[in-house]
2 protein chains.
Amino acid sequence: MSFEMGDLDEVSQTLKLLGDKTRLTIMKLLEKRECCVCELVEIFKTSQPSVSQHLRKLKDAGLVKENRKGHWIFYSVNPDSSQHELIQKLIAFVPSQDHELEELDKKGLRISCN
Amino acid sequence: MSFEMGDLDEVSQTLKLLGDKTRLTIMKLLEKRECCVCELVEIFKTSQPSVSQHLRKLKDAGLVKENRKGHWIFYSVNPDSSQHELIQKLIAFVPSQDHELEELDKKGLRISCN
DNA sequence: TGCTTATATAAGCACATAGTTATATAATGA
DNA sequence: TCATTATATAACTATGTGCTTATATAAGCA
């Protein structure tokens, strides 16, 4: 087999986390590129605390990691997660969210630091 | 791609359903062979209504189908589900539950009709 | 230092979920 | 027909979840 056999509790916990449409979409977006909280707030048209709380759950489960750059905290997928391969397989079934990222660019709301 | 791109709502709903340890294990068991309710009650050491309610959710989502044989109603995976390929990929990450089925046989609690 | 911006956290509420107990339905066989 | 067995459904309850509002933290800048 090409992957590690998962632990039942870990797998079901991952599925429960990604059984939420917002979190599932976040993972799909982060697969493309890292995003900061305010970008996700714009994309989901929801409140900042709501996005922060979703990200916290993903981070607590080790599925994403954070990286502060000045004012902003960028989130990205954690490739070292024991669930990484499962997640990659899952999000292949999620329709592309590239249009959301392009929309950000168009509106000039893309945050980039270097 | 070898699969149909899923609908976001459908995919997240499937993940939510299988984010429950009992339902995830049921799908893993049914992958091996069809099971009737009383077998699942024995395996999960839980109440009959609890198992029935889990099966109902899986059936409502079209993930399993039922087949009455006399007293017993056997449940099996529904290969015609739009989510079937996703589910197969998921379940590959769930540890084998074969021991549970073997245990049933040993205890003489396996139901077989033909 | 104080102001502003980005993000996190806490508390409260509304709703969903999973289990329980009790009861209903359905099939079988005496 | 009645009794038994398997399963489903309904009502209730306890717990979990996601959102909101309010507040705290942390970084950058005047």
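Worth saying up front: this structure is predicted, and the values here are computed from it rather than measured. These numbers come from the heavy atoms of this one structure, side chains and all, not from hydrogens, waters or symmetry mates. Each chain gets a letter, A, B and so on, in the order its sequence line appears, and its residues count up from 1.
Phosphate proximity of D:dT20 to A:S47: present, with a side-chain N or O under 4.0 Å from OP1 or OP2. For D:dA6, the OP1/OP2 oxygens have no side-chain nitrogen or oxygen of B:Y75 closer than 4.0 Å. Distances shown here put every side-chain N or O of B:S50 at or beyond 4.0 Å from the OP1 or OP2 atom of C:dA18. For B:R56, no side-chain nitrogen or oxygen approaches OP1 or OP2 of D:dT7 to under 4.0 Å. Side-chain N/O atoms of B:K57 include none lying less than 4.0 angstrom from OP1 or OP2 on C:dT17. Proximity of A:H71 to the phosphate of C:dT4: no side-chain N or O atom is located under 4.0 Å from OP1 or OP2. Proximity of B:R68 to the phosphate of C:dA26: no side-chain N or O atom is located under 4.0 Å from OP1 or OP2.
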Inset, instruction - May I have the step-by-step check of side-chain contact (heavy atoms from CB on, under 4.5 Å) for A:K28 and A:L24, ending in yes or no? - result: CA-CA 6 Å; A:K28 184 73 180 183; A:L24 184 59; over 6 Å; no
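A:K21 comes within 4.0 angstrom of no nucleic acid atom, judged by non-hydrogen atoms across all strands. Residue B:F44 is classed as having no contact, given no heavy-atom separation below 4.0 Å to the nucleic acid.
Straight-line distance from the CD1 atom of A:I73 to the C1' atom of D:dA24: 14 Å, rounded to whole Å. Look at CG on B:L40: it is 17 Å from C1' on C:dG19, rounded to the nearest Å. Separating the CG atom of A:L109 from the P atom of C:dT5 is a distance of 15 Å, rounded to the nearest angstrom. The separation between B:W72 atom CH2 and D:dT4 atom C1' is 12 Å, rounded to whole Å. C:dA27 atom C1' lies 15 Å from atom CD1 of B:I111, rounded to whole Å. One interatomic measurement links the two molecules: CG of B:D60 to P of C:dA16, which rounds to 16 Å at whole-angstrom precision. Atom CG of A:N67 is separated from atom C1' of D:dA27 by 14 Å (rounded to the nearest Å). A:E39 has its CD atom 18 Å from the P atom of C:dT5, to the nearest Å.
With D:dT7, D:dT20, C:dA22 as the candidates, the nucleotide lying closest to the side chain of B:C36 is D:dT7. When the nucleotides D:dA8, C:dT17, C:dA18 are ranked by their closest atom to the side chain of B:K16, C:dT17 comes out on top. Relative to the side chain of B:H54, the nucleotides D:dG18, C:dA18, D:dA8 differ in distance, and C:dA18 lies closest. If you check D:dA22, D:dA8, C:dA18 against the side chain of B:D20, the one that comes closest is C:dA18.
Summarising the geometry of B:F44 relative to B:T22, their closest heavy-atom pair is CZ-O, 3.7 Å, with the distance given to 0.1 Å.
If you check the side chains of A:Q97 and A:T25, you find no donor sitting under 3.5 Å from an acceptor. Side chains of A:S52 and A:Q48: a donor-acceptor N/O pair is present below 3.5 angstrom, by distance only.
For the pair A:Q48 and A:T22, nearest-nucleotide mapping onto DNA chain D gives the more 5' position to A:T22. Two residues, A:R23 and A:G70, neighbour DNA chain D, and the one matched to the more 5' nucleotide by heavy-atom proximity is A:R23.
Within 3.5 Å, no donor on the side chain of B:Q53 pairs with an acceptor on the base of D:dA8, nor the reverse.
Remark: D:dA30 base-pairs with C:dT1; criterion is Watson-Crick or G-U wobble with both hydrogen-bond distances under 3.5 Å.
Salt-bridge check for A:E85 with A:K89: passed, with a basic side-chain N closer than 4.0 Å to an acidic carboxylate O.
A cation-pi arrangement, defined by a distance under 6.0 Å to the six-membered ring centre and an angle within 45 degrees of its axis, is present between A:K69 and A:F74.
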